[in-house]
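Some notes on the structure that comes next.
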Amino acid sequence: MKDMQTTYDPREFEDRIYANWMKKGCFKAKIDPAKVPFTVMMPPPNITGRLHMGHAMDETMQDIVIRFKRMQGYSVLWQPGTDHASLATEHKIVEKMREEGITKEELGREEFLKRAWEWKEQYGGAIVEQLKKLGSSCDWSRLAFTMDERCSRAVREAFFRLYEKGLIYRGSRIINWCPDCKTALSDEEVIYSEDAGYFWYFKYPVEGSEEFITIATTRPETMLGDTAVAVHPADKRYSHLVGKTLILPLVGRKIPVVADDYVDPEFGTGAVKITPAHDPNDFNVGLRHNLPMIRIMADDGTINEQGGEFAGLDRYAARERIVQEMDKRKLLVKIEPHKHNVGHCHRCNATIEPIVSKQWFVKMAPLAKPAIDAVAKNKTKFTPDRFAKIYYNWLENIRDWCISRQLWWGHRIPVWYCDDCGAMTCAKEDITACPKCGSVHLHQDEDCLDTWFSSALWPFSTLGWPEETPEFKYFYPTDVLVTGYDIIPFWVMRMMFSGIRYTGKVPFRDVLIHGLVRDELGRKMSKSLGNGIDPLDIIERYGADSLRLSLITGVAPGNDTRFTEGKVESSRNFINKIWNASRFVLMNAKGVDVPKDLTGIKFAPADRWIISRLMATIREVTVALEKYDLGIAADKLTSFAWDDFCDWYIELSKSALYGDDLEKKRATLGVLMFVLTSLLKLLHPFAPFVTEEIYGYLPNREGMIIDADYPRYNSKLAYKSEAKAFEGVIELIKAVRAMKVSVNCPPSKKVHLYLMTDARRLFSVNKGAILRLAGASEIEFVENGAELGEKIVSQVTGAAQIFVPLGDLVNIEEERARLTKELARIEGEIARAEGKLANQNFVAKAPKKLVDDEYAKRDKYLEMKKKVEEQLKSIS
RNA sequence: GGGGGCAUAGCUCAGUUGGUUAGAGCGCACGCUUCACAUGCGUGAGGUCACAGGUUCAAGUCCUGUUGUCCCCACCA
């Protein structure tokens with residue numbers, strides 16, 4: 001076999017590895033009754049979308065969980081798909097057509113949809129290809145689309161069921177209207193921002209009197225639809241006017257003055273113009289006082305025929321004209337600058353108009369309740385659990401969901417109206433005749449459903465529901481949903497109540513919530529700021545593995561994170577380290593008959609130590625992954641790989657590898673190979689490409705790492721006490737290194753070590769390693785180091801007292817100062833321990849192990865203190 | 001008005017059911033042509049865990065309050 005390239009170059013193998021996984025069908029979900037299923041539904045990206053850092057993080061987290069579970073032996077399904085994104089897509093297509101000078105009305109519904117499907121075929125796959133670059137191991141053969149036949153059937157079924165139970169109704173209510181997209185929006189699709197505006201103060205004359213009532217408005221044009229002025233019932237300033245009639249200026253309509261608690265007497269003038277058709281609060285006031293609702297605006301934001309002379313004007317032009325006219329009539333009192341919250345369309349940013357309109361709604365109260373209960377009863381668990389509160393907060397304050405959209409791209413509302421008898425019929429299959437009167441003169445509702453209506457069904461629509469398909473039975477309910485906290489109201493919530501309603505089961509057991517990926521300065525990445533970083537560009541330069549690692553290391557669940565190229569570099573450096581460590585092992589294994597496993601290997605202390613560390617790491621990483629603590633898992637892996645394995649064990653192994661004892665060399669290589677293989681497997685969910693690539697070079701591998709068993713903790717290999725003893729060797733080596741630095745002794749200068757110790761055997765056995773790593777020429781055991789003279793540096797460790805004669809490098813004064821400082825530190829430790837032990841409550845109430853540890857610690861430091869004191873005495 | 005987050009080293013952040021001497025990366029200082037890796041190795045400096053109380057044998061961690069900061073929702077005629 002070829003040797004590994006000397007440099008880590010992800011571009012050389014990532015695409016090849018991915019293609020091979022695909023070719024071998026590694027991602028395919030299989031219904032296997034012998035296995036436990038594990039299912040994740042990918043949040044379907046919009047077909048208009050381009051991969052951004054948010055996706056990259058979301059996908060990475062899912063892929064880590066999926067690969068981990070796959071290796072643990074579950075039968076995994078990671079269901080991918082895309083969302084038709086009704087409004088977003090239609091908006092894009094309309095924009096494109098605008099460039100060609102065509103409107104969708106000119107084109108007609110059918111032709112428009114033809115274009116939309118073409119558009120979907122052309123661009124809808126782009127994001128899918130981008131997801132592959134990340135290494136996502138989802139079952140692409142099951143790629144779903146919210147408007148494919150399966151999902152569309154589910155939508156029909158769901159609508160039909162709710163309709164039958166009266167949970168979907170059609171009614172005239174105030175809704176959010178986007179005059180630009182010309183459609184209704186749900187409350188969640190409106191984005192509010194503090195905008196600078198004005199307060200216009202208008203005088204409305206009281207009929208048959210010289211008196212006026214002054215109102216303030218931020219939207220003068222809506223006065224055309226005023227049907228009352230309201231004041232607070234207890235407001236003495238206006239009480240004499242309640243019940244009187246006003247003449248609405250410019251319009252001439254007679255409108256009443258009504259008293260209503262809704263009015264805040266402290267705000268503005270304490271008198272409010274009431275426009276029931278164009279404001280949600282006014283709408284309610286209108287209902288209470290039985291006021292007429294006069295809609296004065298057309299769908300495109302122009303004033304309609306109700307606006308008299310202003311009809312046809314755009315809303316803002318009308319505003320200007322009305323202010324002028326009022327001014328002319330001396331009815332304009334003043335204009336004040338005023339900041340207020342204005343709703344904007346989440347798609348096109350146009351200012352939303354609250355408008356009374358006939359739309360379809362889902363009655364939320366009966367759906368919300370079971371969704372709240374399911375989380376309260378822990379049937380679905382949020383990670384981190386604080387997001388459950390946010391979820392409750394949404395569902396407890398929820399209003400009915402406006403689901404109709406005046407769009408063409410989407411699921412058309414399955415309701416038909418009979419032109420003859422007027423009957424309204426909802427049907428799962430298209431109908432051609434009225435079931436009531438048999439008339440064939442029918443027309444289907446023109447509107448489409450909110451895109452989220454179909455997304456809400458995603459966990460089961462993709463599995464074939466309402467049919468009891470084998471995959472539905474096997475893979476549903478799903479195990480974990482991974483998504484950002486910003487999506488809870490749009491999607492998580494709606495999947496929850498939909499899943500419970502339609503399937504009787506919660507759609508997922510766990511919801512893993514992550515935060516936003518921000519830029520280096522902590523700002524949201526956005527198109528308008530131009531601060532977005534393209535994940536594909538990062539992959540191109542650093543590789544997907546580095547990107548993946550950088551998106552999860554040091555990130556706590558649910559928290560936002562800043563993306564910096566420095567983090568990617570760190571991850572790349574780490575992977576490079578793994579690459580080179582692997583290369584080291586493989587180079588040394590060349591031509592050697594490396595043991596296939598640990599059976600029969602005679603372990604050296606260092607071997608037991610690294611195996612012990614490996615076992616601890618396996619346990620920690622597994623526990624962390626099972627709790628979705630991906631950042632912690634990655635951190636444990638990194639420090640094991642870099643510190644324990646590379647910086648210590650590989651260095652320790654060199655004396656055996658470069659020595660003459662062939663059996664020892666074989667044994668060491670066996671351990672190296674075992675640990676490396678385990679490490680690669682542990683790392684595979686995080687860095688799938690490089691681990692698969694390296695795995696391919698391992699001599700004793702079987703199959704591919706993606707299908708390998710995840711390493712398991714083996715208590716027989718824990719070697720706890722042996723590992724602890726070996727820490728003494730490490731401590732010794734570190735101490736010697738530090739001693740050399742303290743006297744500016746060049747690291748390359750070999751020193752003669754004198755040790756006073758009870759653990760002679762430990763240090764003898766590991767002599768080779770100590771000499772190599774501490775930079776020593778010899779180890780000599782002595783009974784009394786003080787006899788070695790003054791030109792000496794000494795250091796006490798837990799297991800030994802070290803003496804290094806360094807001749808003229810030693811400055812007695814400095815050495816005395818160093819030892820004095822060391823003594824102070826030790827005395828501090830003793831004081832701390834004794835303080836604790838003097839506390840009777842601690843001794844009585846703390847766990848015995850802690851108390852014992854404290855005694856041991858005190859004794860250890862007392863011992864060290866004695867030695868340091870002796871040494872100080874000997875050089876003074 | 002309601003809800004939530006955050007405040008830990010110069011910077012960005014971890015800190016897993018309260019329990020050794022609070023960690024990492026980057027940065028910084030000193031040293032290293034050590035035969036896997038300078039995308040590296042060694043050694044180190046650097047923290048009143050925002051503040052004030054409380055619970056506890058024990059608090060970065062739990063509770064209350066304060067300050068600062070960010071986010072979400074509602075309201076804003």
Side-chain angles (χ1 to χ4, degrees), chain A residues 4 6-8 187-188 192 199 215-219 222 229-230 262-264 267-275 279 281-282 338-341 386-387 389-390 392-394 396-397 485-486 488-489 515-516 520 522 542 553-556 558-562 564 566-567 569-588 620 623-624 627 629 631-633 635-636 638-639 646-647 650-651 654 658 734 737-742 744-748 772-773 775 825 828-829 832-833 836 839-847 849-851 853-854 856-857:
Chain A
M4 283 172 71
T6 49
T7 49
Y8 163 59
D187 294 340
E188 291 74 24
Y192 289 88
F199 242 151
I215 55 92
T217 180
T218 55
R219 291 184 296 155
T222 61
V229 165
Y262 152 70
V263 180
D264 175 4
F267 194 83
T269 63
V272 189
K273 64 191 262 321
I274 300 296
T275 324
D279 182 277
N281 290 308
D282 293 7
H338 178 64
K339 266 196 166 177
H340 61 150
N341 244 358
R386 65 170 186 270
F387 289 104
K389 292 187 210 161
I390 292 174
Y392 292 143
N393 209 268
W394 272 100
E396 281 160 4
N397 299 305
Y485 59 70
D486 51 332
I488 292 172
L516 268 37
E520 201 149 356
Y542 295 94
T553 41
V555 180
N559 283 9
D560 289 354
T561 179
R562 295 183 196 206
T564 66
K567 281 186 192 169
E569 264 174 46
S570 299
S571 303
R572 191 268 322 268
N573 293 354
F574 171 63
I575 295 169
N576 181 60
K577 189 78 185 171
I578 299 295
W579 181 267
N580 278 293
S582 308
R583 236 166 35 89
F584 171 82
V585 174
L586 289 168
M587 268 167 63
N588 284 285
E620 290 166 344
V623 167
K627 294 196 315 203
D629 273 332
I632 289 177
D635 183 59
K636 299 280 182 200
T638 308
S639 61
C646 292
D647 288 346
I650 284 187
E651 293 306 322
K654 284 178 180 172
Y658 302 153
K734 291 184 91 138
R737 286 170 177 169
M739 287 159 82
K740 288 168 95 174
V741 169
S742 77
N744 291 319
C745 170
S748 53
R772 171 177 276 273
L773 299 196
R825 188 185 71 86
E829 293 301 330
R832 201 190 315 268
K836 266 190 167 178
N839 181 342
Q840 284 310 308
N841 281 321
F842 172 72
V843 179
K845 293 188 182 176
K849 186 182 180 303
L850 278 172
V851 179
D853 284 356
E854 212 55 47
K857 192 173 125 190

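Here is the naming used below: chain letters follow the sequence lines, and residue numbers restart at 1 for every chain. Model, not experiment: these values are computed from the prediction. Reckoned from all heavy atoms, side chains included, excluding hydrogens, waters and symmetry mates.
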Using atom [atom1] of [X] as one end and atom [atom2] of [N] as the other, report the distance to the nearest whole Å.
{"X": "A:Tyr192", "N": "B:rC73", "atom1": "OH", "atom2": "P", "value": "9 Å"}
{"X": "A:Lys734", "N": "B:rU21", "atom1": "NZ", "atom2": "P", "value": "18 Å"}
{"X": "A:Leu516", "N": "B:rC70", "atom1": "CG", "atom2": "P", "value": "16 Å"}
{"X": "A:Lys836", "N": "B:rG18", "atom1": "NZ", "atom2": "P", "value": "16 Å"}
{"X": "A:Asn397", "N": "B:rC73", "atom1": "CG", "atom2": "P", "value": "12 Å"}
{"X": "A:Asn559", "N": "B:rC71", "atom1": "CG", "atom2": "C1'", "value": "12 Å"}
{"X": "A:Arg386", "N": "B:rG4", "atom1": "CZ", "atom2": "P", "value": "12 Å"}
{"X": "A:Arg562", "N": "B:rC11", "atom1": "CZ", "atom2": "P", "value": "11 Å"}

When the [atom1] atoms of [M] and [N] are compared, how many Å lie between them, rounded to an integer?
{"N": "B:rA74", "M": "B:rU17", "atom1": "C1'", "result": "37 Å"}
{"N": "B:rU39", "M": "B:rG25", "atom1": "C1'", "result": "14 Å"}
{"N": "B:rU61", "M": "B:rA9", "atom1": "P", "result": "15 Å"}
{"N": "B:rA22", "M": "B:rU66", "atom1": "C1'", "result": "25 Å"}
{"N": "B:rU8", "M": "B:rU69", "atom1": "P", "result": "15 Å"}
{"N": "B:rG44", "M": "B:rG23", "atom1": "P", "result": "14 Å"}
{"N": "B:rC28", "M": "B:rC37", "atom1": "P", "result": "25 Å"}
{"N": "B:rA45", "M": "B:rA50", "atom1": "C1'", "result": "25 Å"}

Look only at the side chain of [X] and the backbone of [Y], and say whether a donor-acceptor pair between them is shorter than 3.5 Å.
{"X": "A:Asn393", "Y": "A:Lys389", "answer": "no"}
{"X": "A:Asn588", "Y": "A:Phe584", "answer": "yes"}
{"X": "A:Asp560", "Y": "A:Leu516", "answer": "yes"}

Would you say A:Arg219 and A:Thr222 make side-chain contact, with heavy atoms under 4.5 Å?
-> yes
Minimum heavy-atom distance between A:Phe842 and A:Lys836, given as atom pair plus value = CD2-O, 3.4 Å
Counting just side-chain N and O atoms, does A:Arg832 come under 4.0 Å of either OP1 or OP2 of B:rU21?
-> yes
Answer yes or no: does a side-chain N or O of A:Asn393 lie under 4.0 Å from OP1 or OP2 of B:rA74?
-> no
If you look at every strand shown and take non-hydrogen atoms under 4.0 Å, does [X] touch a base, only sugar-phosphate, or nothing?
{"X": "A:Tyr392", "answer": "nothing"}
{"X": "A:Pro489", "answer": "nothing"}
{"X": "A:Ala271", "answer": "base"}
{"X": "A:Trp394", "answer": "sugar-phosphate"}
{"X": "A:Asp486", "answer": "nothing"}
{"X": "A:Gly631", "answer": "nothing"}
{"X": "A:Asn839", "answer": "sugar-phosphate"}
{"X": "A:Lys339", "answer": "nothing"}

So, using salt bridge (charged side-chain N to carboxylate O under 4.0 Å, His left out) as the criterion, who are the partners of [X] when residues are at least two apart?
{"X": "A:Glu620", "answer": "none"}
{"X": "A:Lys740", "answer": "none"}
{"X": "A:Asp264", "answer": "none"}

To the nearest 0.5 Å, atom CD1 of A:Ile578 lies from atom CZ of A:Arg583 at 13.5 Å
Got a salt bridge between A:Asp853 and A:Lys849, using NZ or NE/NH1/NH2 to carboxylate O under 4.0 Å?
-> yes
Salt bridge present between A:Asp282 and A:Lys273 (N-O < 4.0 angstrom) = no
Of the nucleotides [options], which has the atom closest to the [X] side chain?
{"X": "A:Ala556", "options": "B:rC72, B:rU43, B:rG15", "value": "B:rG15"}
{"X": "A:Ala738", "options": "B:rU43, B:rG19, B:rA77", "value": "B:rU43"}
{"X": "A:His340", "options": "B:rA74, B:rG19, B:rA77", "value": "B:rA77"}
{"X": "A:Lys857", "options": "B:rU20, B:rU16, B:rU43", "value": "B:rU20"}
{"X": "A:Ala846", "options": "B:rU16, B:rG19, B:rU21", "value": "B:rG19"}

Please tell me which of A:Glu569 and A:Ala216 maps to the more 5' nucleotide of RNA chain B, matching each residue to the nucleotide holding its nearest heavy atom.
-> A:Glu569
For nucleotides 24-38 of chain B, read 5' to 3', which letter fits each nucleotide if B means a protein heavy atom sits under 4.0 Å from the base, S means only the sugar-phosphate is that close, and - means neither?
-> -SS----S----BB-
Would you say the base of B:rU43 and the side-chain of A:Arg737 have a donor-acceptor pair closer than 3.5 Å?
-> no
Taking both distances under 3.5 Å as the test for a Watson-Crick or G-U pair, what stems of at least three pairs does RNA chain B have?
-> B:1-7 with B:67-73, B:10-13 with B:23-26, B:28-32 with B:40-44, B:50-54 with B:62-66
Under the ring pair (Phe, Tyr, Trp, His ring centres under 6.0 Å) rule, collect the residues that match up with A:Phe199, sequence neighbours excluded.
-> A:Tyr201, A:Phe267, A:His338
